[in-house]
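See structure below.
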Amino acid sequence: MQAWMRSGTAVLAATLVVCSAAAGLARSSEPVSGVVPVASGTDRLPVTADDGPVSRGGTRDTRPNVVFVMTDDMRDDDLRWMPETRRLIADRGLDFTDAVSPHPLCCPARAELVTGQYAQNNGVQHNAGPFGGFQALDPTHEVSSWFGRAGYQTGFVGKFLNGYTAADTRPSGWTHWDALVSGVYDYLDFSFADDDASPAVFEDSYVTDVIAERTNDTVRRFARRDEPFLLYSWHLAPHYRLDGGKPVPPPSAPRDADRFADAMPPSLEDPSFNERMVLDQPRPFRSRREADPQVVIEEHRARLRALQSVDRAVASLVDTLRETGELESTVIVFTSDNGYSLGEHRFIGKNVLTDPALQVPLLVRGPGIAPGTTSELPVTLVDLPATFAAIAGASPSWAVDGTSVVPTLRGLDQPFRDTTLVQTGDDGGDGWAYRGVRTDRYLYGVNGADAFLYDDDLDPDQLVNRIDDPAYAAVAAALEERRSRLITCAGWLCNQTFGALPDPGTPPTGQDQ
């Protein structure tokens, strides 16, 4: 029995929240609390850069396409080595400079992006275990169904959730389904679902180039029809390769094999790299040996080489959209499922609550979006499905935990939550590890008796855990109050504005101030 069939307390609570909303959608066009309504006014983007009509087979359609490109384990600062992506998306659109993956691990992040919900509501808390991987996801609970009902073609190409195979239930709502189903982490020998036909098998190929080609073919297929389209194109790079079950640095395409021989990882210059004093840090860092700088350097260079094929894939995607006449009516979104630590706090990897793992690149280009702009809005991956729905004028069928950032894409001021839920999972127990909150100043998390509190204003490198500092007692109490509310949140309750926090040194009052 799949884990999504075993209804936990948080999932049951979320279901109760959305039952009346979903029924209301079928009866009325009035907005329902917790559900993104059909967008209008400032919640809509124009169909083209000049807000003019688009002809698809002679039929005017005022809804943009949405193409969502994602990498795997890419750091925010890796973007500096991707010139085509910067030129074609960042320079032509908006760069969210404070974007985060609020559950920085492959499967939970991807589940957020196909459900619009946090893990307490979609059931995917980790990559493995009873609350992990594809087996924890309800395959009928996919945002693609919203767009199908709204008249969109929907396509998925690339890496889905760990554990998905050709024998598993195909997630509902996708017009075209082309997920990796074997050799997912091999890079060289692999197969794709290829809709309902026999899997398409590739040997001695390079997975990024194949994903790029199949993505472009899907664009051409969709462009021949009158309807707009939603297309997810999810790459594997720069995730490590599994070679005989052993993780090794990702291979590159042959043309990139000799590149970046002198590149040095920015993490080596971070004061938290191989941090000397770690006894005050949370358990994942407290007893860890120092990272080998040479291992970090080699992994960094391999990751950059692997990302070059993604950079070319972005360029070929833009070329294909231009050739098919769809570019000016397409919103292109580029991000990663999570960040990645390269020796900060002696740690290499993800599934921890520190900035290198949380921070992700997030670039958006499209009609109505001013080129070369930036935003410090603390947007997360959970906000993207709500944003896509608003762009398309699609009505979600359940309460979404994120909020649309279309007003920000249009260059407007946008009220936004002041506290974001961030969390990590485990492959045992109740499936949870550290769960906490992030504000514009603080990062706070708790796992049983272990807790941390970083003051990013005074300590941007997160070297000092202030959880036991009496001066921060009131801050910790206020953040714990917010955390306790958000770890069970669903729908609009995940997007509250709590107000100002007490300053360090202020005596605790028992409530937020």
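Treat the numbers as computed from the prediction; the structure is a model and nothing was measured. Position 1 is the first residue of the sequence; numbering continues from there. All values below come from the heavy atoms of this structure, side chains included, with hydrogens, waters and symmetry mates left out.
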**Message:** Determine whether D95 and T97 satisfy the following criterion, side chain to side chain donor-acceptor pair (under 3.5 Å), listing intermediate values before the conclusion.
**Reply:** CA-CA 6 Å; D95 181 354; T97 59; 5.9 Å; no

Side chains of [X] and [Y]: do they bring a donor and an acceptor to under 3.5 Å?
| X | Y | result |
| --- | --- | --- |
| T165 | D168 | yes |
| S172 | S145 | no |
| T403 | D383 | no |
| S233 | T215 | yes |
| T439 | T419 | no |

**Request:** Compare all side-chain heavy atoms of F273 with those of L342 and state whether any distance is below 4.5 angstrom.
**Result:**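 No; the side chains remain at least 4.5 Å from each other.
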
**Request:** For residues V318 and E84, determine if any side-chain heavy atom of one lies less than 4.5 Å from a side-chain heavy atom of the other.
**Result:**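 Side-chain contact under 4.5 Å: no.
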
**Item:** Least distance between heavy atoms, L421 atom then G436 atom
**Value:**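 Here L421 and G436 meet closest at CD1-O, 3.4 Å.
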
**Message:** So which atom in N122 and which in E112 form the shortest heavy-atom distance, rounded to 0.1 Å?
**Reply:** ND2-N, 3.8 Å

So, are [X] and [Y] salt-bridged, with charged N and O less than 4.0 Å apart?
| X | Y | answer |
| --- | --- | --- |
| D72 | R110 | yes |
| R214 | D217 | no |
| D337 | K350 | no |
| D195 | R170 | yes |
| D209 | R255 | no |
| R303 | D73 | no |
| D319 | R322 | yes |

**Request:** Find out whether the Lys NZ or Arg CZ of R483 is both under 6.0 angstrom from the six-membered ring centre of Y444 and within 45° of the ring's axis.
**Result:**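 That pair does not qualify as a cation-pi contact.
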
**Fill in**
The residue among T330, V331, I391 that forms side chain to side chain contact (heavy atoms under 4.5 Å, CB included) with P367 is V331

Donor-acceptor check, side chain of [X] to backbone of [Y], threshold 3.5 angstrom: yes or no?
| X | Y | result |
| --- | --- | --- |
| R241 | Y187 | no |
| D178 | F156 | no |
| Q153 | F222 | yes |

**Asked** Can R221 and T218 be said to form a side chain to side chain donor-acceptor pair (under 3.5 Å), step by step?
**Response** CA-CA 5 Å; R221 175 192 305 187; T218 304; 5.7 Å; no

**Message:** Ring centres under 6.0 Å, that's the criterion: do Y164 and W177 meet it?
**Reply:** yes

**Asked** Any chance the rings of F388 and W146 have centres within less than 6.0 Å?
**Response**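 When the ring centroids of F388 and W146 are compared, they turn out to be at least 6.0 Å apart.
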
**Request:** Would you please test E326 and N65 for side chain to side chain donor-acceptor pair (under 3.5 Å) and show each step?
**Result:** CA-CA 8 Å; E326 299 287 347; N65 309 311; 2.8 Å; yes

**Asked** Quick check: are there more than 12 heavy atoms from other residues, nucleotides or ligands sitting under 6.0 Å from CD of E290?
**Response** yes

**R283 atom CZ: more than 12 heavy-atom contacts under 6.0 Å** = yes

**Message:** Would you call the rings of W234 and F68 parallel, tilted or perpendicular, taking 30° and 60° as the class edges?
**Reply:**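 Taking F68 first and then W234, their aromatic rings stand perpendicular (interplane angle over 60°).
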
**Message:** Please determine whether ring-ring contact (aromatic ring centres under 6.0 Å, His included) holds for the pair H103 and Y118, giving the CA-CA distance in whole Å, both sets of side-chain angles, and the decisive distance to 0.1 Å.
**Reply:** CA-CA 8 Å; H103 198 143; Y118 287 108; 8.7 Å; no

**Item:** Pair W432-Q423, side chain to side chain donor-acceptor pair (under 3.5 Å): steps then yes or no
**Value:** CA-CA 8 Å; W432 291 116; Q423 51 197 357; over 6 Å; no

